Amino acid sequence: MTVLDLSPWRTSRDYRLLWSSGAISMLGMFITYVTVPLQVKQLTDSYVAVGAIGVVELAPMIVFGLYGGALADAFDRSRIVLLTEVGLGLLSLLLLVNALLPHPMLWLIYVFGAAAAALGAIQRPALDSLLPRVVPREQMTAAIALSSIRFSVGAIVGPAIGGLIAATFGVSVAYGCDVLSFVLSILLLWQLKAVPPPSDADKPSLAGILEGLRYAGSRPELLGTYLVDIAAMVLAMPNAVFPFLADELGAPWALGMMYAATSVGALAVTVTSGWMSTVHRHGLMVVLAAGAWGLAMAGAGWSGPVWLVLFFLALAGAADCVSGLFRMTMWNNTIPDNLRGRLAGIELLSYTAGPQLSQIRAGGAAALIGVRPAIWTGGLACVVAVLCSTGLSGFIRYNENARPKGQESVAPVDRG
């Protein structure tokens, strides 16, 4: 068993700042991630109202994700990350204020959710495209694995704490914890070194966004990663109906554990992720892992006992982690730096807009056929969609050691 590679943490000061800031804000984000649908359920007791969270977040995420990618290629990426973090912190504060009202307003939750989706969509391409500027290429897989551990731990601890706090002390206390996390995160991001764009960087424009889309369309291996991720997230990510599943199983105490279970599986993969640097058929690994994610989600939908549901959710998380690590390695090692922000905006749509669409699908399907059938049918549909992606030969045959010339991502590295 190969242990985790810590070299990016040791060699790059800015990576340490980004990692630490992300770990803190991730914890608060997942507390709110559980609290918002729980508050909407408390206010409405409606599948559709909970699923509508994804509806209001989807359009801002698509529009601002693509534009945020163009901004990341044209301006200082570290400043974009800092300013959007400040904006997200203010929105979290407004959620807290609304929760403290005698009668919290449902429409404000949707408005704040849409605004947060827009800011997050602007931030994420800049954040993702920073990584190749602060970590050398040979440490990229290790850096992604370390970031995945941060995400996994936050996704385990955050929902568990969030569910406990919201259920015990109320949603306002949970939102207050998120506000505090943003304060600490902003203090760390303030110390990042500037990452100015090249002097000949393209200004943000529709033509620049279209250039990024054309480039992505010319690379079948990139298209494959996007399509597989969208299929996996849209069809087989049933998080929106977890509050109802917990009630149906007679285990409301397990709500936070359901949200955290996939990250338990992901953490098990990342702490032993050193073996991944020896794998070069990244496209094949993405396909196999995404198919395993769908089967595990189907198992969670079929299962009756709570412990078995949690077990299958953990298996799904392990599979998704493998898929995600190899997808991100393909992206960061092959996309030119001058297009990195715009391509990160496209990637954002695949792995972030997908979960928003999944809230719509899961909520609508649960209303029609029930909670558990909505989960297992989505898992099987994911497997079918992943099998269809194997028709992209450039994707399934992608080999890290046999990349065509001109697909190397070259960027200066701050070793702090």
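From a predicted model like this one, the values you see are computed outputs, not experimental measurements.
Tyr15 places no side-chain N or O within 3.5 Å of a backbone atom of Val135 that could act as its donor or acceptor partner. Arg361 places a side-chain N or O within 3.5 Å of a backbone atom of Ala374 that can act as its donor or acceptor partner. A donor-acceptor pair is defined here as one N or O able to donate and one able to accept, closer than 3.5 Å; such a pair exists between the side chain of Ser389 and the backbone of Val386. Side-chain atoms of Gln123 come within 3.5 Å of backbone atoms of Val81 as a donor-acceptor pair (strictly under, hydrogens ignored). Trp19 places a side-chain N or O within 3.5 Å of a backbone atom of Leu146 that can act as its donor or acceptor partner. No donor-acceptor pair closer than 3.5 Å links the side chain of Arg342 to the backbone N or O of Glu211. Remark: the backbone N or O of Leu17 is not paired with any side-chain donor or acceptor of Ser21 at under 3.5 angstrom. Checking side-chain atoms of Asp320 against main-chain N and O of Ala290 turns up no donor-acceptor pair under 3.5 Å. A donor-acceptor pair is defined here as one N or O able to donate and one able to accept, closer than 3.5 Å; no such pair exists between the side chain of Ser185 and the backbone of Phe182. Proximity of a side-chain donor or acceptor of Ser129 to a complementary backbone N or O of Ala126 within less than 3.5 Å is detected.
Using a 4.5 Å heavy-atom threshold, the side chains of Leu27 and Ser181 count as separate. Under the 4.5 Å side-chain criterion, counting only non-hydrogen atoms from C-beta, Pro104 is not in contact with Ile109. In this structure, the side chains of Phe64 and Pro125 stay at 4.5 Å or more apart for every pair of heavy atoms. Taking the side chain as every heavy atom from C-beta outward, Thr225 and Phe395 approach each other to under 4.5 Å. Counting heavy atoms from C-beta on, the side chains of Leu222 and Tyr215 come closer than 4.5 Å. Between Phe242 and Met257, every side-chain heavy-atom pair lies at or beyond the 4.5 Å cut-off. Looking at heavy atoms from C-beta onward, Val309 lies in side-chain contact with Leu245 at the 4.5 angstrom threshold. Considering only heavy atoms from C-beta on, Val384 stays 4.5 Å or farther from Leu380 through its side chain.
Only one option out of Val111, Asn98, Leu43 pairs with Met105 in a side chain to side chain contact (heavy atoms under 4.5 Å, CB included); it is Asn98.
Here the shortest heavy-atom pairing between Gly162 and Ile31 reads CA-CG2, 3.8 Å. When every heavy atom of Ala385 is checked against every heavy atom of Ala231, the shortest pair comes out as CB-CB, 3.6 Å. Shown here for Tyr175 and Leu95, the closest heavy-atom pair between the two residues is CD1-O, 3.6 Å. Between Leu313 and Met258 the shortest heavy-atom distance is CD1-O, 3.8 Å. Phe326 approaches Val286 most closely through the heavy-atom pair CB-CG2, 3.9 Å. Here the shortest heavy-atom pairing between Ala316 and Met297 reads CB-CE, 4.0 Å.
Counting heavy-atom neighbours within 6.0 Å of Tyr110 OH, excluding the residue itself, gives a total above 12.
Look at Asp14 and Lys193 and you find no salt bridge, because none of the NZ, NE, NH1 or NH2 atoms lies under 4.0 Å from a carboxylate O. Checked for salt-bridge contact, Asp247 and Lys41 meet the test: a charged N lies under 4.0 Å from a carboxylate O.
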Given Val50 and Phe244, is the side-chain contact (heavy atoms from CB on, under 4.5 Å) satisfied, shown in steps? CA-CA 10 Å; Val50 173; Phe244 301 96; 4.1 Å; yes
Go through Ile165 and Cys177 one step at a time and tell me if the side-chain contact (heavy atoms from CB on, under 4.5 Å) criterion holds. CA-CA 9 Å; Ile165 292 174; Cys177 293; 3.9 Å; yes
Using side chain to side chain donor-acceptor pair (under 3.5 Å), reason through Ser323 and Arg327 one step at a time and then give a plain yes or no. CA-CA 6 Å; Ser323 174; Arg327 286 197 315 270; 2.6 Å; yes
Applying side-chain contact (heavy atoms from CB on, under 4.5 Å), run through Leu288 and Trp293 and close with a yes or a no. CA-CA 9 Å; Leu288 293 175; Trp293 155 272; over 6 Å; no
Could you go step by step and tell me if Ser78 and Trp190 meet the side-chain contact (heavy atoms from CB on, under 4.5 Å) rule? CA-CA 9 Å; Ser78 64; Trp190 194 273; over 6 Å; no
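Atoms CG and CG, on Leu189 and Leu18 in that order, are 7.0 Å from each other to the nearest 0.5 Å. In this structure, CD in Gln42 is found 4.0 Å from CG in Leu38, a value given to the nearest 0.5 Å. Rounding to the nearest 0.5 angstrom, the gap separating the OG atom in Ser147 from the CG atom in Leu131 is 6.0 Å. Summarising the geometry, atom CZ belonging to Arg133 is positioned 12.0 Å from atom OG belonging to Ser12; distances are rounded to the nearest 0.5 Å. Distance check: Phe112 CZ to Leu96 CG gives 10.5 Å after rounding to the nearest 0.5 Å. Interatomic distance, CD of Gln191 versus CG of Leu82, reported as 11.0 Å (0.5 Å rounding).
Applying the salt bridge (charged side-chain N to carboxylate O under 4.0 Å, His left out) test to pairs two or more places apart or on separate chains, none has a residue in residues 365-376. For residues 290-308, no residue pair satisfies the salt bridge (charged side-chain N to carboxylate O under 4.0 Å, His left out) rule, not counting sequence neighbours.
With sequence neighbours excluded, no residue forms a salt bridge (Lys or Arg N to Asp or Glu O under 4.0 Å) with Glu85.
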